[in-house]
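A quick note: this is a predicted structure, and the numbers were derived from the prediction, not measured. Chain letters run A, B, ... following the sequence lines, proteins first and then strands; every chain starts at 1.
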2 protein chains.
Amino acid sequence: MVARSNRVTIHDVAKAAGVSVSTVSKALNDTGRMASETREKIKSIAADVGFRPNALARSLLFNRSFTVGLLTNDTYGRFTLPLMSGISEALVDHGVSVFLCAIEDDPALAKVHVDAMLDKQVDGIIATGKRVDRSLPVDLAGLPVPVVYAFTEGVPGSVILTADDSDGARLAVERLRKVGRKRIVHVTGPDSFVSAVERADAFRQAVGPDALVMHGAWTEAWGHEAVTMLWGGDKETPDGIFCGNDQIARGVVDALREKGVRVPEDVSIIGFDNWEIFADQTRPALTTVDMNLKELGRTAGLTILDLAEGRAVEAGLRKLPCKLVVRQSCGGDREI
Amino acid sequence: MVARSNRVTIHDVAKAAGVSVSTVSKALNDTGRMASETREKIKSIAADVGFRPNALARSLLFNRSFTVGLLTNDTYGRFTLPLMSGISEALVDHGVSVFLCAIEDDPALAKVHVDAMLDKQVDGIIATGKRVDRSLPVDLAGLPVPVVYAFTEGVPGSVILTADDSDGARLAVERLRKVGRKRIVHVTGPDSFVSAVERADAFRQAVGPDALVMHGAWTEAWGHEAVTMLWGGDKETPDGIFCGNDQIARGVVDALREKGVRVPEDVSIIGFDNWEIFADQTRPALTTVDMNLKELGRTAGLTILDLAEGRAVEAGLRKLPCKLVVRQSCGGDREI
DNA sequence: TCAACGTGAGAAAACGTTTTCTCATCATTT
DNA sequence: AAATGATGAGAAAACGTTTTCTCACGTTGA
């Protein structure tokens with residue numbers, strides 16, 4: 001009707017094999033009845049001419065596009081990238097491709113992307129963000145396709161996947177204890193962040209009722225400042241610091257070095273996020289809590305697939321465990 | 001045939017309006033002949049029932065999927081993310097969506113992704129990577145769809161877009177000169193990187209025949225070490241350092257601070273990449289060369305669109321200009 | 001009054017698949 | 001030798017659009 005392409009279609013194969021398209025289809029899909037030599041001949045011809053079925057035509061027929069949309073407003077990619085690679089990895093095995101939709105924080109742009117995805121008949125949408133306690137600037141409820149929220153706030157009754165912040169905090173404290181630390185403090189981000197609060201609560205529960213938690217910005221500068229405060233008074237200084245993210249940890253480590261305090265000999269430091277570009281390049285390299293975002297992504301991918309294929313999935317918030325990545329900043333790393 | 005969906009189709013609209021599907025199609029697309037009241041009535045009914053044409057069906061008809069594939073092996077996203085957002089931004093206006101294919105460095109995975117994209121009839125493929133002088137582990141020549149290489153090595157005769165490294169180096173030197181620096185050195189990455197070499201050449205050309213270029217790793221540690229070398233001998237110390245990336249610059253700035261050398265009062269520093277997470281958080285914040293990757297992405301998006309729609313595009317390597325982002329590490333930032 | 005023409009709208013084909021149904025042909029059984 | 005059954009393969013419909021073609025009807029002009 002419009003532009004004719006030169007791609008080889010099932011009709012070309014049929015013509016080359018001297019049979020009908022139905023026969024070709026059945027031959028290639030191993031369905032229907034037919035002489036096995038016919039089947040083999042068709043298969044070999046199809047391979048010869050390089051036939052690959054047009055996925056669009058199949059999608060139209062099956063009402064399945066084998067495509068999902070990934071909505072994100074994380075521009076740094078710190079959280080989205082591992083998530084994305086997990087999703088992609090899990091889905092590519094099932095022949096499912098991922099539409100990437102970066103929506104910044106623009107509701108209009110988000111709507112454009114969502115509409116485009118729906119028009120293209122995505123089998124589902126994974127919503128993800130840069131912050132667990134904020135939702136994307138678009139309402140995904142009542143869409144004709146399933147939605148999974150990963151690392152972003154979802155509407156009640158939906159499927160929501162996040163990392164278990166409490167678990168992460170517990171892992172950190174456990175480790176600090178294991179290397180013999182007694183005076184442990186927590187330097188973290190603003191208490192307006194739910195994850196900061198959850199980690200802080202778990203931290204207090206693990207360390208004890210009068211555990212010290214210091215809230216500030218998620219920056220190196222705050223790490224510096226916190227050290228100045230901790231070492232500035234006449235109170236006993238800590239021997240273990242659990243930091244709310246790797247940037248804070250980096251600030252803490254640098255500030256301690258400037259003070260001549262040795263890490264990890266005098267003080268053990270544990271970060272959070274395992275953002276390699278920070279964790280790896282800090283001296284000493286950071287022992288840090290990894291939120292397993294790639295695994296989270298993989299789970300999100302498999303979950304949206306379950307939903308797309310009509311399998312039941314339990315709704316609600318599901319928290320996935322963290323893991324500790326041991327480098328040098330906490331000590332005890334050579335004991336193994 | 002298989003799963004029936006509940007989405008509203010053009011047939012539903014036709015039924016609701018009491019006309020044929022052809023009439024609906026023509027009404028909504030403002031084509032064909034028909035009483036203008038019929039047209040308006042149909043439009044209003046279509047809007048009421050929330051009809052949106054199935055893009056798959058149109059794609060099949062037009063042989064255009066309004067979809068492009070983005071192939072990348074950059075896992076950190078430093079280069080890919082801005083590129084991606086530029087591509088997406090440029091394309092979403094044209095109703096084109098982007099398949100994200102993260103292929104690590106795995107040829108098999110790359111092939112799987114490319115095949116999946118071709119099956120899904122992408123209108124084109126944008127290849128991008130983490131390094132300008134390395135190609136992706138897959139051969140994209142001879143594909144039935146156009147390919148644009150952005151920030152990665154492409155085959156001869158193809159369309160290749162990169163940032164102009166020489167331009168970036170010139171911008172940096174120019175700026176250092178402008179703030180009065182006379183003894184300018186260049187601390188950069190390994191000379192096995194083409195971009196390092198190109199920048200170094202342009203640097204030499206701008207500064208003079210005996211300009212000092214120091215090659216090392218792309219790391220903070222190398223920045224530190226370079227400062228130690230520069231300030232360690234009995235030679236005259238530089239008053240301006242152009243660094244090959246922001247991490248090196250960060251290392252240089254930190255090392256100078258430890259030495260008591262003031263930045264930018266005593267020495268001006270300029271970085272490369274404008275990786276905000278580094279440039280913004282270094283104290284003082286880094287003046288740095290931005291490769292305009294978002295713009296590069298935008299250009300790549302529009303170029304693949306041109307090719308997909310059959311417009312002629314000049315093949316070959318096209319270098320896009322850089323820009324200087326002025327923060328505090330070079331000085332002269334308050335003069336405006 | 002009849003031909004020519006313009007207008008509005010629908011039928012059908014097409015895009016590339018898959019699947020159901022039908023139908024020949026040939027072998028087997030009575 | 002005739003009826004039954006099994007087997008192989010094709011015709012047609014379907015998915016949701018768009019576009020070309022056709023046709024009926026009403027209006028205009030001679």
Taking only residues at least two apart or on different chains, which pairs with a member in residues 30-39 of chain B satisfy side chain to side chain donor-acceptor pair (under 3.5 Å)?
D30(B)-K43(B)
Could you state the CG-C1' distance from L61(A) to dA14(C), rounded to the nearest angstrom?
16 Å
Distance in angstrom units between L60(A) CG and dT17(D) C1', rounded:
8 Å
Sidechain N-carboxylate O distance under 4.0 Å for R78(B), D74(B)
no
H11(B) atom NE2 is separated from dC15(D) atom P, nearest whole Å, by 8 Å
Assign S25(A) to base, sugar-phosphate, or nothing according to its heavy-atom contacts below 4.0 angstrom with the strands shown.
base
Suppose the criterion is ring pair (Phe, Tyr, Trp, His ring centres under 6.0 Å): which pairs have a residue in residues 76-120 of chain A, not counting sequence neighbours?
F79(A)-F151(A), F99(A)-F99(B)
Contacts satisfying salt bridge (Lys or Arg N to Asp or Glu O under 4.0 Å) that involve residues 297-317 of chain A (not counting sequence neighbours) are R64(A)-E309(A), E89(A)-R298(A), E295(A)-R298(A), D306(A)-R311(A), E309(A)-R311(A)
K41(B) NZ to dG8(C) C1', in whole Å, measures 13 Å
Between K120(A) and T67(A): side-chain donor-acceptor atoms closer than 3.5 Å:
no
Sorted by position of nearest nucleotide on DNA chain C, 5' first, the leading residue of G32(A) and T9(A) is T9(A)
Find the distance between OG (S59(A)) and CG (N54(A)) and round it off to the nearest 0.5 Å.
8.0 Å
Rounded to whole Å, how long is the line connecting atom CG of N63(B) with atom C1' of dT17(C)?
14 Å
The correct set of residues in residues 48-55 of chain A placing a heavy atom under 4.0 Å from DNA chain C is F51(A), R52(A), P53(A), N54(A)
Restricting to nitrogen or oxygen on both sides, can you table the protein-nucleotides 5-12 of chain D pairs closer than 3.5 Å?
from: dG8(D); atom 1: N7; to: R33(A); atom 2: NE; distance (Å): 3.1
from: dG8(D); atom 1: N7; to: R33(A); atom 2: NH2; distance (Å): 3.2
from: dG8(D); atom 1: O6; to: R33(A); atom 2: NH2; distance (Å): 2.4
from: dA9(D); atom 1: OP1; to: T38(A); atom 2: OG1; distance (Å): 3.0
from: dA9(D); atom 1: OP2; to: A35(A); atom 2: N; distance (Å): 3.0
from: dA9(D); atom 1: OP2; to: T38(A); atom 2: OG1; distance (Å): 3.0
from: dG10(D); atom 1: OP2; to: S20(A); atom 2: N; distance (Å): 3.0
from: dG10(D); atom 1: OP2; to: S20(A); atom 2: OG; distance (Å): 3.2
from: dG10(D); atom 1: OP2; to: T23(A); atom 2: OG1; distance (Å): 2.4
from: dG10(D); atom 1: O6; to: K26(A); atom 2: NZ; distance (Å): 3.0
from: dA11(D); atom 1: N7; to: S22(A); atom 2: OG; distance (Å): 3.2
from: dA11(D); atom 1: N6; to: S22(A); atom 2: OG; distance (Å): 3.3

Taking CG from D119(B) and P from dG16(C), how many angstroms apart are they, rounded to a whole number?
14 Å
So, K130(B) and D105(B), do they make that salt bridge, N to O below 4.0 Å?
yes
Any side-chain heavy-atom pair of K294(B) and L83(B) under 4.5 Å
no
In terms of side-chain heavy atoms, does T72(A) have a donor or acceptor partner in T80(A) at a distance below 3.5 Å?
yes
Does the pair T152(B) and R134(B) meet the rule for a side chain to side chain contact (heavy atoms under 4.5 Å, CB included), with working shown?
CA-CA 6 Å; T152(B) 191; R134(B) 285 287 181 275; 5.7 Å; no
Starting from P on dT18(C), measure out to CD1 on I10(A) and report it in whole angstrom.
5 Å
Taking 4.0 Å as the cut-off, does a side-chain nitrogen or oxygen of R58(A) come that near to OP1 or OP2 on dG16(C)?
no
Value in whole Å for how far the P atom of dT17(C) lies from CG of L56(B):
14 Å
Side chains of T23(B) and S20(B): is there a donor and an acceptor less than 3.5 Å apart?
yes
When the rotation axes relating C1' atoms of four end pairs to the next four are compared across the helix from dT1(C)-dA30(D) to dT30(C)-dA1(D), five pairs an end, they differ to 10° by 70°
